[in-house]
Amino acid sequence: MDIEYLKSKIREIMDFPTVGIKFKDITPLLEDKKAFHQSIFGLTEFFKNEKVDKVVGIDARGFLLASAVAYLLNAGMVIVRKKGKLPYDKIVQTHDLEYGSASLEIHTDSVKKGERVAIIDDVLATGGTAEAAVKLVKNVGGDIISLGFLIELESMNGREKFKEHKVHSLLKF
Ligand code: AMP
């Protein structure tokens with residue numbers, strides 16, 4: 001695992017999508033076969049002995065990572081989506097963003113009571129998004145094992161929101 005190589009494939013875009021945000025663009029990493037392969041392998045390693053039943057991916061870049069990890073773990077793939085996208089019975093959870101708020105949804109039947117769940121997203125910043133996903137999974141009865149992120153923005157202290165769960169990240173900035 002060549003962490004510096006993987007980090008070199010993260011492109012930083014200033015002032016996107018709004019002024020003051022340093023956006024971590026993961027598309028160069030996804031496009032590079034070695035970097036994509038190593039990233040998926042690294043994320044999968046976090047959970048390989050955890051008997052995970054379901055991997056939850058967070059809309060939208062989380063899906064790109066979570067589905068590959070779910071495949072390798074031989075687990076089911078669950079999607080947590082932005083409000084208004086899921087067609088079936090669902091519950092909603094609202095969380096704060098740097099400006100304003102956002103809502104995420106999960107299908108009520110996507111996780112069975114007691115199933116072992118790993119949550120995956122591309123970036124851990126304030127942790128508000130992943131915290132909303134944790135609440136959704138708990139509310140449908142899932143047993144959260146741990147959370148995994150490709151990128152952790154350490155200065156934002158997002159991991160402090162998850163005292164009860166293990167938080168793994170591959171690339172720390
Ligand atoms: P947060 O809820 O603050 O932890 O933000 C995490 C969510 O917002 C993830 O779904 C990320 O895709 C996105 N995000 C937040 N900050 C950034 C950033 N600097 N670069 C790229 N994506 C980000």
Side-chain angles (χ1 to χ4, degrees), residues 3-32 35-36 39-40 42-44 46-47 54-70 77-86 90-107 110-111 117-139 142 144-173:
I3 294 293
E4 287 312 309
Y5 181 74
L6 299 184
K7 281 178 133 178
S8 77
K9 296 294 170 189
I10 304 297
R11 178 163 55 198
E12 193 164 270
I13 312 282
M14 297 301 290
D15 298 327
F16 181 88
T18 50
V19 174
I21 304 287
K22 278 191 228 165
F23 189 83
K24 299 283 192 224
D25 176 16
I26 67 167
T27 60
L29 178 143
L30 298 172
E31 291 159 6
D32 182 287
F36 183 56
S39 298
I40 296 301
L43 285 168
T44 304
F46 292 144
F47 308 108
K54 298 268 169 71
V55 176
V56 168
I58 303 178
D59 201 346
R61 289 179 298 276
F63 298 164
L64 302 168
L65 306 167
S67 80
V69 173
M77 172 69 211
V78 173
I79 56 177
V80 162
R81 296 218 62 181
K82 288 172 186 151
K83 193 171 167 54
K85 302 287 186 185
L86 287 176
K90 62 217 159 203
I91 55 171
V92 63
Q93 180 70 49
T94 300
H95 61 285
D96 290 333
L97 295 176
E98 279 173 281
Y99 304 106
S101 66
S103 296
L104 292 173
E105 294 182 333
I106 194 169
H107 275 153
S110 59
V111 176
V117 175
I119 295 178
I120 291 186
D121 202 3
D122 63 335
V123 174
L124 173 63
T126 67
T129 303
E131 188 182 33
V134 164
K135 287 179 183 164
L136 288 170
V137 170
K138 278 189 179 165
N139 285 339
I144 294 162
I145 303 307
S146 52
L147 297 93
F149 301 89
L150 178 64
I151 293 169
E152 177 176 3
L153 305 179
E154 290 183 300
S155 65
M156 306 197 80
N157 298 320
R159 67 168 55 236
E160 288 180 4
K161 287 200 165 71
F162 308 101
K163 297 248 156 56
E164 291 172 30
H165 306 106
K166 263 186 278 173
V167 176
H168 305 280
S169 64
L170 211 51
L171 310 177
K172 296 177 198 327
F173 287 88

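Atoms within each ligand, like the ligands themselves, are counted from 1 in listed order.
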Minimum heavy-atom distance E105-G84, with the two atoms named: OE1-N, 3.2 Å

Identified side-chain hydrogen bond (donor to acceptor under 3.5 Å, both in side chains) partner of R159 from the options E152, H168, E154, H165: E152

Under 3.5 Å donor-acceptor, K85 side chain and R81 backbone: no

Nearest non-hydrogen partners of F23 and F16, listed with the distance: CB-O, 3.2 Å

Once you restrict both partners to nitrogen or oxygen, which atoms of ligand 1 have a protein partner under 3.5 Å, and how far apart are they?
from     : atom 1 : to   : atom 2 : distance (Å)
ligand 1 : 2 (O)  : G128 : N      : 3.4
ligand 1 : 2 (O)  : T129 : N      : 2.8
ligand 1 : 2 (O)  : T129 : OG1    : 2.6
ligand 1 : 3 (O)  : T126 : N      : 2.8
ligand 1 : 3 (O)  : T126 : OG1    : 2.5
ligand 1 : 4 (O)  : A125 : N      : 3.0
ligand 1 : 4 (O)  : T126 : N      : 3.1
ligand 1 : 4 (O)  : G127 : N      : 2.7
ligand 1 : 10 (O) : D121 : OD2    : 2.7
ligand 1 : 12 (O) : R61  : NH2    : 2.7
ligand 1 : 12 (O) : D122 : OD1    : 2.7
ligand 1 : 12 (O) : D122 : OD2    : 3.4
ligand 1 : 19 (N) : K22  : O      : 2.9
ligand 1 : 20 (N) : K24  : N      : 2.8

Residues which pass side-chain contact (heavy atoms from CB on, under 4.5 Å) with N139, listed by chain and number, not counting sequence neighbours: I91, Q93

Under 3.5 Å: donor-acceptor pair, side chain of K7, backbone of K172: yes

